[in-house]
Amino acid sequence: KHSKMNATETVDQLLKDHRVTIFSKSYCPFCIKVKGLFDSIHIEYKALELDLIGEDGVAIQQALFEKTKQKTVPNVFVNGKHVGGCDATIQAHADGRLGELLSGVHYDFDLIVIGGGSGGLAASKEAASIGKKVAVCDFVVPSPQGTTWGLGGTCVNVGCIPKKLMHKAAIIGEDLKDAAAFGWQVPEQVLHDWSSMVDEVQKYVKSLNFGYRKVLRERSVTYLNAYAQFVDAHTVKVTDKKNKIQHITARDFIIAVGGRPKYPDIPGAKEYGITSDDLFSLKYHPGKCLVVGASYIALECAGFLHGIGVDCTVMVRSILLRGFDQQLAEMIGEHMTEHGVKFIRPCVPTKVEKVSDGKPGLYKVSGKMDSGEIVEGEYNTILFAVGRTACTENIGLEHIDVKINPSNGKIIVDKEERTSVSNVYAVGDVIDGKLELTPVAIQAGKLLAQRLYNNQTTLTDYVNVPTTVFTPLEYGFVGLSEEDAIKHYGSDDIEVYHSFFQPLEYALTDRDSNKCYGKLVCVKSEEERVVGFHVLSPHAGEITQGFAIGVKLRAKKSDFANLIGIHPTSAEIFTTLNITKSSGESVAKTSC
Ligand code: FAD
Ligand code: NDP
C-alpha cells in the first residue's frame with residue numbers, strides 16, 4: 001500500500017522513466033480520447049490506470065493533485081512537463097506545443113508580441129489570461145522632432161485619446177459662444193491657454209501609460225521597453241534604450257508594430273515640419289498653422305486647432321476624405337470653411353524654408369496648385385498629415401521571409417491573421433487591406449489569442465465597422481458610401497433617404513442651420529436593406545455606435561421607420577426620414 005511519500009516517488013519515477021505518462025482511469029472517455037490522440041501520432045506512452053490499482057490509485061491521484069493542482073484524469077506529462085487534461089493536451093497538439101515538448105525544444109515564452117499598442121496589448125493580455133507565458137516589446141523611436149512617449153501605442157499617446165480631448169476643448173469654445181443665449185454671463189473675450197490644455201491632456205495620457213504597465217504586471221506579462229527585430233522565426237533580438245541587447249525566443253509571435261506619420265519628399269519638410277506625433281505634446285502655442293493633407297488626421301487636427309482659436313489653413317492635394325462618402329466629405333469642408341478654416345486646393349507643397357527661429361519659428365511654404373500656379377505663405381507651424389507608413393522596414397522580416405505588400409510595406413495575412421510564416425501573426429494598422437482603427441486592432445488581437453490558445457474559431461469581422469471623423473461637426477458612418485453602394489449594386493437598385501436637421505441645442509442661437517444631415521443608403525431589391533448609414537452631427541460617434549448594430553443585423557428602412565424616436569434628440573431623425581434623393585424634394589429643415 002502506498003504511503004503519501006511513496007505515491008509522490010512513484011509519480012516522479014514514472015515521469016523519469018517515460019517520455020509520455022498518462023495517469024488515467026480505464027473507463028474514463030476523456031482518458032480514452034487522449035490515449036487515442038497519442039496512438040494517432042504514433043507516440044508511445046505509459047498509461048497508469050488508477051482505478052485498477054485500488055488504494056494506491058487514490059494516493060497517486062492525491063500526489064498528482066499536490067504536484068499539479070489538477071484533480072481530474074487524464075493527467076498528462078511529456079518529458080517530465082505537465083501538459084494537463086484532455087482538452088489541454090488536444091489544444092497543445094493543435095498549437096504545436098505538444099510537438100515541442102516531445103522533441104524537448106524549450107522557448108523562453110509561449111508568445112512574444114512586438115508592439116504595445118491597441119492590438120498588441122489586447123492580444124498579450126488575452127493570451128496571458130488563458131495561462132500563456134507572454135512578453136510584450138514596446139519601443140517608441142523618437143519622431144524627427146525628438147518627441148517620444150510611453151506604453152500604449154498610437155491611440156493612447158498620439159492618436160484617438162489626445163485628439164478627442166482637444167476636439168472637446170474646441171467644442172467647449174463653440175458652446176461658450178452660445179452660452180449667453182442660455183443665460184450665462186461670460187466675458188466678451190474668453191481666452192484659451194494652449195499650455196494648460198497640453199499639460200492636462202498629457203497628465204491624463206501618462207496616467208494611462210501607468211495603468212497599462214500595471215495591468216501587464218497584474219497579468220504576469222513580461223514588459224520589455226525595447227526594440228525587437230527578428231533573428232529567426234523563433235528568436236528576436238531586443239535592444240533597450242541603453243543599447244543593451246538580449247535574444248529571446250518564443251513559439252509564436254504577433255507583430256503589432258502599427259505605423260508612423262509620413263513626410264512628403266520635399267526640402268525642409270522633416271527639418272521644419274511636425275506631425276501628429278508631435279502636436280499633442282507641443283510645448284508652445286503653434287501660432288499660425290498650415291495643415292497638409294485632407295484625410296481623417298488632417299481635418300480633425302485643423303478642426304480642433306481652429307476651434308481653440310488657431311489661424312488654420314488646410315492644403316488639399318485632391319479630394320477631402322478619400323474613401324468616405326463624398327457628399328458628406330464636402331459638407332464637412334463647407335462647414336469648416338464657413339467657420340473660418342481656410343483651404344488651398346488642389347495644391348501640393350513643394351518646399352519649406354525657414355524665415356526665423358523661435359518657439360514657434362516662422363517658415364515659408366511654397367505650393368503648386370493643380371493649375372501650375374505657385375502659391376506661397378508664411379506659417380509658424382506646418383503639420384504634415386499625409387498618411388502613415390507601416391513600421392515593417394527595420395524589424396528583421398527579411399530574416400524570416402514574412403511577405404509584405406511592396407506598395408505600402410504592410411504585412412499580408414490570411415483570414416486568421418497568420419503571415420506567410422506559420423508561427424508569426426500580425427494585427428492592427430500593420431496589416432494589409434484592413435482598417436486602421438483602434439477597436440479593430442483590439443478585436444483582432446483578442447480573437448487571435450483566443451483562437452491560438454483557447455480552442456476558439458471566431459474570426460475578426462472587418463465588414464460594417466462603424467467609424468467617426470471628429471471634425472467640428474462630427475461625421476459618423478457605417479457600411480457603404482453612396483458611391484460604393486452604387487458601384488456595388490448599380491444606381492437603379494439604390495434608394496437614398498435623407499434630411500437636414502438642427503439639433504435642439506443649436507436652435508436658440510440658430511447655429512449651423514441646415515448643416516447637420518442624416519442619410520440612409522438602401523438596396524431596393526433587398527426590401528430596402530440599409531447598407532450605408534451616415535450622420536453629420538454633434539455626437540455623431542455616439543449615434544453611429546448605436547445604429548451600427550442595426551446595419552450589422554441587416555436592418556431595413558422599414559425597421560428604422562418602425563423604431564420610435566427619442567425626443568428631442570438628433571438621432572431621432574433616422575426614425576422619420578421619408579424624403580428620397582430620387583424625388584428631388586428639398587430636405588432643408590423646416591421646424592422642430
Ligand atoms: P499602435 O497603436 O501604433 O502600436 C504599435 C506600437 O509598437 C507602438 O508603441 C510602436 O512604438 C511599437 N513598435 C513599433 N515597432 C516596434 C519594434 N520593432 N519593437 C518594439 N516596439 C515597436 N482610431 C480610432 O479608432 N479612433 C480615433 O479617433 C483615432 N484617431 C486617431 C488620431 C490620430 C492622430 C492617429 C495617428 C490615429 C488615430 N486612430 C484612431 C488610429 C489608431 O490610433 C490606430 O488604428 C491604432 O493605434 C493601431 O493600433 P496598433 O496596435 O496597430 O498600433
Ligand atoms: P490617409 O492615408 O487616410 O490620408 C492621407 C492624406 O494625405 C490624403 O488626403 C492624401 O491625399 C494626402 N496626401 C498624401 N500624400 C500627400 C502629399 N505628398 N502632399 C499632399 N497631400 C498628400 O492618412 P491619415 O494620416 O489621415 O489617416 C491614417 C489612418 O488613421 C486613417 O485611415 C484612419 O483609419 C486612422 N485614423 C482614424 C481616426 C478616427 O477614427 N477618427 C482619426 C485619424 C486617423 P489624396 O487623397 O490626394 O491621396
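Atoms within a ligand are numbered from 1 in the order they appear, just like the ligands themselves.
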Side chain, backbone, both or neither: R322 near ligand 2, heavy atoms under 4.0 Å: side chain

Could you check atom 52 (O) of ligand 1 against the protein and tell me its nearest heavy-atom contact, residue, atom and distance included? D429 N, 2.8 Å

Looking only at heavy atoms, is any part of A385 under 4.0 Å from ligand 2, and if so is it the side chain, the backbone, or both, or is it neither? backbone

Residue and atom name of the nearest protein heavy atom (relative to atom 53 (O) of ligand 1), distance in Å to one decimal: G258 CA, 3.4 Å

Will you find, in the side chains of Y227 and D240, an N or O donor that is under 3.5 Å from an N or O acceptor? no

Of all the atoms in ligand 2, which lie at a distance below 4.0 Å from a heavy atom belonging to S318? 45 (P), 46 (O), 47 (O)

Flag the pair E482 and K487 as a salt bridge only when some basic side-chain nitrogen lies within less than 4.0 angstrom of an acidic carboxylate oxygen. no

Test item, L437 contacting ligand 2 (heavy atom, 4.0 angstrom): yes

Distance to 0.1 Å, residue and atom name: give those for the protein heavy atom nearest to atom 7 (O) of ligand 1. G115 CA, 3.1 Å

Indicate whether any N or O donor in one side chain lies under 3.5 Å from an N or O acceptor in the other, for Y107 and R251. no

Pick whichever of M315, R317, E300 has a heavy atom sitting closest to atom 17 (C) of ligand 2. R317

Taking N or O atoms only and a 3.5 Å limit, does G119 qualify as a polar contact for ligand 1? yes

Atom 36 (C) of ligand 1 [closest protein heavy-atom partner, distance rounded to 0.1 Å]: R388 NH1, 3.2 Å

Residues that A123 engages under side chain to side chain contact (heavy atoms under 4.5 Å, CB included), provided they are two or more places apart: I254

Checking a contact table here: which protein heavy atom is nearest atom 26 (N) of ligand 1, and how many Å away? C160 SG, 3.6 Å

Below 3.5 Å, N or O to N or O, backbone or side chain included: is there any such pair between F139 and ligand 1? yes

Location of contacts on V257 toward ligand 1, heavy atoms closer than 4.0 Å: both

May I ask you to decide if V463's main-chain N or O and K552's side chain share a donor-acceptor pair within less than 3.5 Å? yes

Tell me yes or no: between the side chains of S318 and R322, is some donor less than 3.5 Å from an acceptor? yes

For ligand 1, is any non-hydrogen atom under 4.0 Å from C301's backbone (N, CA, C, O), its side chain (CB onward), both, or neither? neither

Have a look at T471, V469, T468 and point out the one with the heavy atom closest to atom 41 (N) of ligand 2. T468

Mind checking whether F470 contacts ligand 1 via backbone (N, CA, C, O), side chain (CB onward), both or neither, at a 4.0 Å heavy-atom cut-off? side chain

Do me a favour and list the nearest non-hydrogen protein atom to atom 19 (N) of ligand 1 with residue, atom name and distance? A228 N, 3.0 Å

Residue pair I319 / A294: nearest heavy atoms and the distance that separates them: O-CB, 3.5 Å

Tightest non-hydrogen contact, residues L305 and C312, listed as CB-SG, 4.3 Å

Going by the order shown, which atoms of ligand 2 are within less than 4.0 Å of some heavy atom of T467? 40 (O)

Passing option when Y272 is tested against Y263, Y379, Y363 for ring-ring contact (aromatic ring centres under 6.0 Å, His included): Y363

Please determine if D138 has a nitrogen or oxygen closer than 3.5 Å to a nitrogen or oxygen of ligand 1. yes

Just checking, is any N or O donor in the side chain of E483 or Q326 under 3.5 Å from an acceptor N or O on the other one? no

Could you tell me whether T438 and ligand 1 have an N or O pair separated by under 3.5 Å? yes

Does the ring center of F477 lie less than 6.0 Å from the ring center of H534? yes

Exercise: do H335 and D512 side chains pair donor with acceptor under 3.5 Å: yes

Donor on one side chain, acceptor on other, D138 and N225, under 3.5 Å: no

Protein residue, atom and distance nearest to atom 33 (C) of ligand 1, heavy-atom basis: G159 CA, 3.4 Å

Just need the protein heavy atom nearest to atom 2 (O) of ligand 1, so name the residue and atom and give the distance. T154 N, 3.0 Å

May I ask you to check whether R388 has an N/O atom sitting below 3.5 Å from an N/O atom of ligand 2? no

Using a 3.5 Å cut-off on N or O atoms only, is S276 in polar contact with ligand 1? no

Less than 4.0 Å is my threshold; does some heavy atom of V158 fall inside it relative to ligand 1? yes

